[in-house]
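Take a look at the structure set out below.
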Amino acid sequence: DPLESKKSATRLTNVCEGTLRILSNAPRADIEIESLYEGCDLRLQVSRARFEDLCLDVWKSVGPALDELLAKASTDGLVLPAEAGGKLRRSDVSRVLLAGGAVRVPKIAASIKALLPDAKILASVPPDEAGALGAATQAARLVLAEDGTFIHNYKKSADKLHKQVPNFVQAPVSTMTVAVADATNASVVVGVAGGAILPLNRTVVVSGTTDAEGTLALRLVEPTASEEGATTLSDLAAFALDGLEPSAAVSAHITFDMESNGQLTISASCSGKEWEDVCGEPSGSADIPPPPPMARRASTTM
């Protein structure tokens, strides 16, 4: 049992988390772990349908969790509709903001939409950034005056201690999510996540099948989620890795190198071969616009 080994269990958990992100954008995903446990390799393919079937108990728990949240909101006095007798009902919810990377799974958004058919699911805030953005907003409310200026000395009511407002450090971040996909979208792997701090260098593995001439066709895409929870892939650029074994299943290592100005360079390696700047000009990094000035978000150092 691989779970008997802490190292094997950690590797399996990390790969499963990556597979979850892939299945949020693609109908199936490949799992490959070399020497997972006692020299045995793990290679299998999981479809989104099979994944949703395995997580059936999780989908069933969405309804009770939602009712518990509404009951807690009413008890805490957050919302007390007079016509509802002081209780918040599902029909009172008009907008929903999903938080946490796991809610990118289309089935979760679909389940919430089915439970709250009249509510609008907000897609403007990335789910995995919602918690951080909410914390930053709350922090700003604590240290900003009504006119928008900093309260340089704010008082803690408990012990009347004064602290200086920490300095803000500007950090450039990516304004878009960039992923690599094979020709059939069977394998989609995110290389640059939206909001990632730049500069960034990251290598991911994408699986695919070469054509009769030994060429593996790949694409750079931008995954975007709709309000209904569906994910669409917008093409950014295309490139090919040639000179490989014809009609063979291969795994390519794709390296994303994004500079602070948003310039993206892609390199690749597969089956002992290497390719530098595979996109090049004009179909490569020039197709991916650099972040506008508003991409420079403020983060605090405490």
Could you tell me the separation between the [atom1] atom of [X] and the [atom2] atom of [Y], rounded to the nearest 0.5 Å?
X: Cys55; Y: Lys60; atom1: SG; atom2: NZ; answer: 13.0 Å
X: Ser47; Y: Glu52; atom1: OG; atom2: CD; answer: 8.5 Å
X: Ile31; Y: Leu44; atom1: CD1; atom2: CG; answer: 4.5 Å
X: Glu259; Y: Asn201; atom1: CD; atom2: CG; answer: 11.0 Å

Quick one: list whatever passes side chain to side chain donor-acceptor pair (under 3.5 Å) with [X], sequence neighbours left out.
X: Ser8; value: Ser5
X: Thr184; value: Asp182
X: Arg50; value: Asp53
X: Asp235; value: Arg219

With no hydrogens and no angle check, is any side-chain donor or acceptor of [X] less than 3.5 Å from a backbone partner on [Y]?
X: Trp59; Y: Ser111; result: no
X: Lys113; Y: Ala119; result: yes
X: Thr210; Y: Ala248; result: yes
X: Arg21; Y: Val189; result: no

Is [Y] reachable from [X] through a run of I, L, V, M, F, W or Y residues, each pair having side-chain heavy atoms under 4.5 Å apart?
X: Val105; Y: Ile121; value: yes
X: Ile112; Y: Leu56; value: yes
X: Leu198; Y: Met176; value: yes
X: Leu220; Y: Val205; value: no
X: Leu241; Y: Val178; value: yes

Least distance between heavy atoms, [X] atom then [Y] atom:
X: Gly194; Y: Thr177; value: N-OG1, 2.9 Å
X: Ala212; Y: Ser247; value: CA-OG, 3.9 Å
X: Ala29; Y: Thr19; value: CB-CG2, 3.8 Å
X: Ile22; Y: Arg28; value: CG2-O, 4.0 Å
X: Ser174; Y: Val192; value: OG-CG1, 3.6 Å
X: Glu34; Y: Arg11; value: O-NH2, 2.8 Å

According to side chain to side chain contact (heavy atoms under 4.5 Å, CB included), who are the partners of [X], at least two apart in sequence or on a separate chain?
X: Cys16; result: Leu12
X: Ser94; result: none
X: Ser35; result: Asp41
X: Arg90; result: Leu66, Asp67, Leu70, Leu115, Leu116

May I ask you to test the [X]-[Y] pair for a side-chain heavy-atom distance under 4.5 Å?
X: Leu20; Y: Glu17; result: no
X: Tyr37; Y: Leu42; result: no
X: Leu244; Y: Lys273; result: yes
X: Trp275; Y: Ile266; result: no

Going by side-chain heavy atoms closer than 4.5 Å, which hydrophobic residues are tied to Val221, directly or by a chain of links? Val188, Leu233
So with a 6.0 Å cut-off around CD of Gln45, is the heavy-atom count from everything else above 12?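 Enclosed.
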Going by salt bridge (Lys or Arg N to Asp or Glu O under 4.0 Å), name the residues that satisfy it together with Asp211, two or more places apart in sequence or in a different chain.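 Asp211 satisfies salt bridge (Lys or Arg N to Asp or Glu O under 4.0 Å) with no other residue.
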If the condition is salt bridge (Lys or Arg N to Asp or Glu O under 4.0 Å), which residues does Asp118 pass it with, not counting sequence neighbours? none
Atom pairs and distances, donor-acceptor, side-chain atoms in residues 249-257, under 3.5 Å, two or more places apart:
| residue | atom | partner | partner atom | Å |
| --- | --- | --- | --- | --- |
| Ser251 | OG | Glu32 | OE1 | 3.3 |
| Ser251 | OG | Ser207 | OG | 3.4 |
| Thr255 | OG1 | Thr203 | OG1 | 2.9 |

